[in-house]
Structure formats: structure tokens, C-alpha cells
Amino acid sequence: MVEPVGNHYVIARPVYSENAFNEEHEKLHRYHKTFWDHLKLYFSCSPQRAKKFALGLFPVVSWLPAYRFREWVLNDIISGINTGLVAVLQGLAFALLVNVPPSYGLYAAFFPVLVYFIFGTSRHISVGPFPVLSLMVGGVVTRLVPDNSTGNGNSTNTSAINDERVMVAASVTFLSGVIQLLLGIFQFGFIVIYLSQSLISGFTTAAAIHVLVSQLKFMFQLPVPGFNKPFGIIYTLESLFSQITKANIADLVTSLVVLLIVFVVKEMNDRYKEKLPAPIPIELLVTVLAALISYFVNFEEKFEVAVVGKLEEGFHAPVAPDAGILQNCIGDGISIAIVGFAVAFSVAKVYSIKHDYPIDGNQELIAFGLGNIVGGSFKGFASSTALSRSGVQESTGGKTQIAGIISSVIVLVVILAIGFLLAPLQKSVLASLALGNLKGMLMQFKEIGILWRKDKYDCVIWVVTFLAAIFLGLDIGLASAVAFQLLTVVIRSQIPSCTVLANVGRSNIYRNRKDYTDIYEPEGVKIFRCSSPIFFANIEFFREKLITAIGFNPLRVLRKRNKALRKIRKMLKKGELQVTSKGLICMANPAYESEEELDNNKIEELDQPTIMTDLPIRINWGSDLPPGITVPQVNLHSIILDFSSVSFLDFSAMTVLRKTLKEFVRLDIDIYVAGAYEGLLDKLERSAFFDEEIKPSMFFLTIHDAVLHILLKKDIANSPKLKLAEIVIKTQLISNQIEERLLVQEKGRSSDCVVIPRNGLRSRECTVRLWLWPSSCRKCSLKKLIVEWLGQITKASSYLKHLHTCFIALLPAQGRKPPDNLLMGFDLEQSLTRVRGVGSALEPGQSASPHLSTTSPLL
């Protein structure tokens, strides 16, 4: 029962163990599907499932018929034109990262867009080349086709090298597409969860550094070979600076001027984006201006600058990938597939949340996989989504992937008709445009300080990922970063946070006892919490922390007790000990025996429960023992394990936990488990966890239930503050019935008494005046009543039978007249559940059903 009282709530319910709760509340027996059930359901077929499968496989069928033509078409056209112009320039620029002719970058910006239009679920991302993926593909190209040969040794001319490199890029793109497609078919879209935001941020920042270094050779126009191996970035910089005196000044000046203009205008676009109708297309303006200047000034002949040259018009016929190349780049294909999907899905998720529509990770894998398969077949390279290009598509008003189709039309026009206009464009300009898009990734260095303040583990993951990707390369660096990230998860779960809890505020709230001052710890009770799953890797750590919190090793104490019993038996047999009414008395000086002699070569017997049935007296380990026998004192009778944060428990952990709990039980220490997750009890029963020592009754719903059970069981009347009788009464306030436990303590000879309400825990004391109603009844005098209770419990019934006709009111002792709404009536059969004297033992089941009554702030 829950009764709101102002900003507090009052709960009155029985104290529940897991078994008692299940007995009182019927639990539904649900059928849990097995793996085979899920497999049958997955491969079952019905008209509804077929329709759902078709709509899921072709999302365009769902949203295209609902397209708001009049409202959205103009926005999509404007967005598509802007995005298409950016896609053309980025395709040309990122082709330099792949080490293939720039025209092949246009294929990578065209085919994946068409495929994604049909199969993709995001409405706002722009599919095409991404600098990180381009650099990863370029690393494979450089490794398989070095600058000084074609890889086969048959030809050394530039055209043959380019053809070989195009084939390598197309093959690895096709392989990554196949991997993405298979992951999507087998529903592995969840794989992206293993790439945390910190890992992706550190990896893309390292990739931006690699992009920066790789573009320096175009800015300086120096013949720097590619080094796709660990510490390759250092070799690249060494080669670059060893030739720095041979740099082309015209290319360098052009690059710096273009880079400065692009950065300044992009900063203006960010700062005044709310005032500008559309971002200034600075890449397009710079490209057109640079191409015109290069053409009319004739930079290629005068300054010997490197230019794009003639772009191939039209498309190549689709080709099959080279099987030999596929065998040499399987690992690279997996890395490219996972990184490409992770980046694209992250961006798509941001826009899906912003515009409130769902995306499907598995379908995204299928869409990008098919896009890379088609793009690789037409000699393109790997695609994902560029953050800047997607930002242009969304910020210029794009509503659907119709904008993507418009952008692909722009790319198509350049491929078929006007590509020749870009022939005089300097490669250094494309390199500067590529670097101009790295600002967002380079600014991620700011996250280091933020992560250090928020979560040091994430900060370490960021730094390790960055350093691994920088020095080991993007492929090995990514694998190392994922392994390190999983290692941090293992470390955090292997070394969990373990704390000792105490009651805070005399309510049902239990917190770390080190964090609060107003705490209450029941005497002889220790409450231990583990905030992690318990499994084979951390069960020993859990055991060590538990023993540290308790203050003694139970196995060591148990062995000491068994050794003491062996010695006592020997002394009794020799007549050195005599049993008296006061206990054991030593009759002679005991002979010294070493620990090895007491062990008697039977160490396993020392781990068994202490057996005293053959002794003439039961040994009290808390009292003085005979001389020469020392056993560590144990001032603990109950341990509560808070499992509310334990999400699973494996079989190896069960074995060690069972052994540890048995050691405590054999020391006469009661063990309770509170807040166990749903299904743990059933799992333990199936695993034969329980026996005569470890029983299911040790499981309780909450910590407070377990504490109340312990207090009732261990007879809290032994506390020095509790001097007189304990009465459990049922009070009736107007129409509300509340069970309350009161301790009535006489204060002098007056009718003023100290009433201590206890809701399982002693929370507060208040002085009250006790009125007996009617006042003329001398038989109900409080003093006489208490004397009779303390003196003759058997004769108290005559007074108790009279009590049910009287009314008692409890008020603060200011002498005020008792109001009517505080009258409480006694009913002998229903209200009086327990009358006992000081020191009487409260056995389980003797009193009425104990109730938990708690007052806590209302959250």
C-alpha cells in the first residue's frame, strides 16, 4: 500500500523474500523462444512478411509515393545542384588520395548515389568519396602497385601503372562491398556499436593527419613514394623534407592562397549560416577561377606545374575484380567496409534524430555494399559519406534523396560533356580543396580535454586510437584500437566498483557509507555491493574485495576453529580439560602442538563445518577459550550481498561464489542476496547451486527487506536503548489503517513517555503524553500495566482483555487536549500481535507477519 503524504510517500507491505513474494503473487509462465524458434520465424513466409521484406529491401517504394512534390521539389533541386558541384570537386580531389587519375573520382561520386537512392534509408546524407576511405584504398594501391613498377614487372610506363592502380582500387572496393552486403544480409548491423564515438573521433583525426601528409607532395610537387607500412608517415615526411629544395614554388604559392581563401570563406559560412540563404560555394568559385588563370597564363608550360589533364569522357564497361588482388587485400577490405559503414551510419543517425525518421542499420549495410559493388565494377573506388557534403545537402534544404539524384545528374554532365574544361586545373588546387574539408576533423583535438574531464577511459581510447592509426597505419591502427577498446571494457568489468553500504536517513535508502554522515549500520550486519557482472574474469577480485570489506578470511577462521576443536578433543581425552557449569576449565598446562601436528595431514577436513555433537558442551567462540587455544573473534552475524547491479553470473563464478558463501555459513554467518536480476534464482536452481547450507530462502527483493528480516530474527530488543516492552499495534486514523511499531518507555512517575516509532530501523524519538480513556478506569494505569507485563506475562491477559475497551491518544507533551482525529482504538484479536519482555527471543513465525513501513521523500 502506498499513501502520499505531502512530498513523502508511506509504504506498508510485508517483508518479502524472493520465495515469499512468488508465493503471494502469481507469476506468469512465459514461453521463451529458443534459437531454433527465431530461426524458423526468420525463414517463415507469409504474404505480410513478403510485403514487409519487399518494403524493407526497397525503401524507395515506401517514401517516394508519399513525396510532397509541390512542397519539396524546389528545395531538393537547389540542394542537389549545390551538392553535385561539391561532389564533382571532392571526387577529383579525393582521387589523388587513392593515387588514381582524377576522372575515376567522378565514377565514385556517381554510381553509389544511384544505388543508395533505391536501397538507402537516410534522406539527407550525400553518398560518395570520403577522404578517410580514399586514403585507406590508396594505401592498398601503393602497397600492391609501388611507384617504381606495375607490380608485375612487365611495364614501367605511367599509363600501365595507372591502369594497374585503377584495377587494384576497383577490386578492393568490390571486396568491401561484398563484405558489407553479407553483413547486411546476416543482420550484422549492430557491429557499429563496437566502434565508440571516442574511437571514431580519434581514428578520423589520425586519418586527417594522414590526408594532410599525403597531399603535401602535390602542394610541393615532389616525387614522394607511398609507404603503406608501420611508421610510414615518418618515412613519407623524411622523403618529403629531404627534397624540399626541389619544390615547385608556383604550386606551393597557389596551394597556400587557395587554402587560405577556402578556410576564410568556410569560416564565414559557419559564422553567418543563419543569415545566408545558402553557403557560399567557395570550392566551385576557386576551381573555376584557378582553371581560368591556369589556362590563360599557361602555368603548365611556364612553371611546369602538374595539372589534371584530359579527363576521360563517358564510362568504362563493367569489369570483374582480379582474384589475385582480392586474395592480397582481404584484411583491408574488412577494414574499409567497417569504417565506411560506421562513418556513414553515424552521420545518418544524426540527421534521422534531427528530422525524426527511422533508419535501419542492416539495410544501410546492404545499400552501401551494393553501391560499392556497382562502383567497383565501373572502376570507381570506395564510397561512404563526407561530412561536409552531407552538411551542404541538408543545410541547403534537401528533403529526400531526390537531391542525391540531382547531384548525380550534375556529376553525369561533367563526365559526359564539360570535363575537358577542368584539364588545365592544377593538382595542387585539388590538394588544397581536399585539405580545406579537413577542418572539422582536425578540430576534434579539442575533445581530448573534454573527455579527460568527463571520462578518462574514453580519453585514453581516443589517444591510443589516434597514435595507433598515425604510426601503425589506418588498417593496423583500427584493429589495434578496437582491441584496446574491448580491453578497457574487460578491465572495467574485471575490476568492478565494490562498496560497503549503510542506511541513509533512517529510510529504505542504502548508499556508500563513506559518502554520508547520517548513516545507520545494523550491528553485526555488513552490506556489500558489486557494481558489475560477475564472471570468470572478476570472481576472484570479487572474493578478495568481499573478504577485505568483512575484515577476515572465513576459510582461515574456519580452519582455526576446526584446529581448536581437535585440540579440545585431545585435551578432554587426556583429562587436561574439565566441563563445569561455567564452561571448560583447564586442569593442567597444555602441551604445545605445532600447526602441522594439528593439521594431521588432513587439510580438507579443516574446511568442513565445525561438528560439536561429540563434545559434552557446545563451544561458544565468542567467550574465553582454554589457555593455548586462540581463535579469531567474529563480530558478524549477517552479510547482505547487493546484486542489483549484477546483470549476469556465469558458471565459473557460481562455483567460486558457492564455495565462498559456504565458508561464511559454516561460521554461523547468515548470507542474504538482495536485488538479484530476474531469472537468477531459476538459473541457480538449474545449476544445482543450492543444498542444505545454501538455500533459496536467502534471496530477498531489496536490501531493506533483508535488513528488516535480520533485525526481526536477531531480536533487536537487546539494544541498550530498548528497556521495556515492545507492542505491535494497529492504529486507525479516521479511515486510514497504518501498521506502526511503538516502543513505550516510562519516563519518571508522570504519564509522559518516550515513544520510539520504528519502521524496521529506529528513526526518531518523541516525548508524548499518554491519556487513558475513560480516565476513571484505574485498572488501566500505565505503571501497573507495565509492571504486570514485565512481571507476569501469563497474567497480562486479564489487563489486555480490558484494554480493547479503552482509547489511547498520543500527543506531544504540552498538555494540550487530545483531538478526536488522533484517537486510536485497540482491538485485542486484530491489533495486539506481540507482547514480550526484555531479553525474550523473537523466533521466526512467532509474531504476526512482519511488515515493512517506510517514509521517504517523494521523488
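Values below: all heavy atoms of this structure, side chains included; hydrogens, waters and symmetry mates excluded. Quick caveat: nothing in here was measured; it's all calculated off a predicted structure.
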| task | Verify side-chain contact (heavy atoms from CB on, under 4.5 Å) between N162 and V100, making sure each step is shown before the conclusion. | result | CA-CA 6 Å; N162 287 338; V100 297; over 6 Å; no
| said: For a side-chain contact (heavy atoms from CB on, under 4.5 Å) check, start with the C-alpha distance between T385 and V127, then their side-chain angles and the critical distance, and finish with the verdict. | reply: CA-CA 5 Å; T385 181; V127 181; 5.5 Å; no
| task | Under the salt bridge (Lys or Arg N to Asp or Glu O under 4.0 Å) rule, what do E283 and K266 come out as? Steps first, then yes or no, please. | result | CA-CA 10 Å; E283 291 95 343; K266 280 184 173 290; 2.9 Å; yes
| Should C459 and I448 be marked as a side-chain contact (heavy atoms from CB on, under 4.5 Å) after you check the CA-CA gap, both sets of side-chain angles, and the distance that decides it? | CA-CA 6 Å; C459 181; I448 298 178; 4.0 Å; yes
| message | Quick one, S383 with N372, criterion side-chain contact (heavy atoms from CB on, under 4.5 Å). Give me CA distance, side-chain angles, the key distance, then yes/no. | response | CA-CA 7 Å; S383 65; N372 282 325; 3.2 Å; yes
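In this structure a side-chain-to-backbone donor-acceptor pair under 3.5 Å is missing from Q180 to I338. At distances below 3.5 Å, not a single donor-acceptor pair connects side-chain atoms of S79 with backbone N or O atoms of N75. Side chain of S408 to main chain of V113: no donor-acceptor pair is present (N/O by atom type, distance under 3.5 Å, no hydrogens or angles). Panel note: side chain D76, backbone I402; no donor-acceptor pair is recorded below 3.5 Å. Remark: the backbone N or O of T83 is not paired with any side-chain donor or acceptor of R389 at under 3.5 angstrom. The backbone N or O of Q197 lies less than 3.5 Å from no partner atom in the side chain of S201, so there is not a single donor-acceptor pair. For the pair S384 (side chain) and G340 (backbone), a donor-acceptor distance under 3.5 Å is present. Between the side chain of D356 and the backbone N or O of S352, no donor-acceptor pair lies under 3.5 Å.
Side-chain contact, T205 with Q444: a donor N or O sits under 3.5 Å from an acceptor N or O. For the residue pair D458/S196, the side-chain donor-acceptor check at 3.5 Å is not satisfied. The closest side-chain donor-acceptor pair between Q494 and N538, if any, does not fall under 3.5 angstrom. Side chains of E394 and H355: a donor on one and an acceptor on the other come within 3.5 Å. Between Q393 and S407, the side chains place no donor N or O within less than 3.5 Å of an acceptor N or O (distance only, hydrogens not considered). No side-chain N or O of R123 forms a donor-acceptor pair with one of Q401 less than 3.5 Å apart. With no hydrogens or angles considered, no side-chain donor-acceptor pair links S493 and S532 at under 3.5 Å.
Of all heavy-atom pairs spanning P230 and I476, the tightest one is CG-CD1, 4.2 Å. Considering every non-hydrogen atom in both S214 and K217, the closest pair reads O-CG, 3.5 Å. In terms of heavy atoms, G361 sits closest to F345 at CA-CE1, 3.5 Å. Of all the heavy atoms in A431 and L96, the pair that sits closest is N-CD1, 4.2 Å. Closest of all the heavy-atom pairs between V347 and I125 is CG1-CG2, 3.9 Å. Taking each heavy atom of F110 and I415 in turn, the nearest pair found is CB-CD1, 4.4 Å.
Dense packing is recorded around CZ of F190, with more than 12 heavy atoms of other residues, nucleotides or ligands lying under 6.0 Å away. The local environment of CH2 in W452 is sparse, with at most 12 non-hydrogen atoms from other residues, nucleotides or ligands closer than 6.0 Å. Surrounding CZ of F53 are at most 12 heavy atoms belonging to other residues, nucleotides or ligands under 6.0 Å away. Within 6.0 Å of the OH atom in Y272, the count of heavy atoms belonging to other residues, nucleotides or ligands does not exceed 12.
Residues I209 and L442 are in side-chain contact: their nearest non-hydrogen atoms beyond the backbone lie under 4.5 Å apart. In this structure, the side chains of Y457 and Q485 stay at 4.5 Å or more apart for every pair of heavy atoms. Side chains of Y677 and S647 form no contact here, defined as non-hydrogen atoms less than 4.5 Å apart. P358 is not listed as a side-chain neighbour of T121, based on a closest heavy-atom distance of 4.5 Å or more. L474 has its side chain out of reach of S335: every pair of non-hydrogen atoms, C-beta onward, lies at least 4.5 Å apart. In this structure, the side chains of V262 and S432 stay at 4.5 Å or more apart for every pair of heavy atoms. Counting only heavy atoms from C-beta outward, the side chains of S390 and H124 never approach each other to under 4.5 Å. Taking 4.5 Å as the limit, some side-chain heavy atom of L181 sits within range of a side-chain heavy atom of I366.
Taking CD1 of I280 as the start and CE of M268 as the end, the distance is 5.0 Å to the nearest 0.5 Å. Interatomic distance, NZ of K454 versus OG of S198, reported as 10.5 Å (0.5 Å rounding). Rounding to the nearest 0.5 Å gives a distance of 9.0 Å between NZ of K51 and CD of Q48. T488 OG1 to F484 CZ: the interatomic distance, rounded to the nearest 0.5 Å, is 6.0 Å. Rounding to the nearest 0.5 Å gives a distance of 8.5 Å between CG of L175 and CD1 of I336. Distance check, rounded to the nearest 0.5 Å: CG of L41 to NZ of K33 gives 5.0 Å.
Taking the six-membered ring for Trp, F315 and F378 have ring centres at least 6.0 Å apart. Taking the six-membered ring wherever Trp is involved, the centroid distance between the rings of H316 and Y104 falls below 6.0 Å. Between Y116 and F368, the distance separating the two ring centers is shorter than 6.0 angstrom.
Residues meeting the ring pair (Phe, Tyr, Trp, His ring centres under 6.0 Å) test with F445, sequence neighbours left out: W462, F466. Under the ring pair (Phe, Tyr, Trp, His ring centres under 6.0 Å) criterion, F263 pairs with no residue at all, not counting sequence neighbours. Scored by the ring pair (Phe, Tyr, Trp, His ring centres under 6.0 Å) test, F69 finds no partners at all (sequence neighbours excluded).
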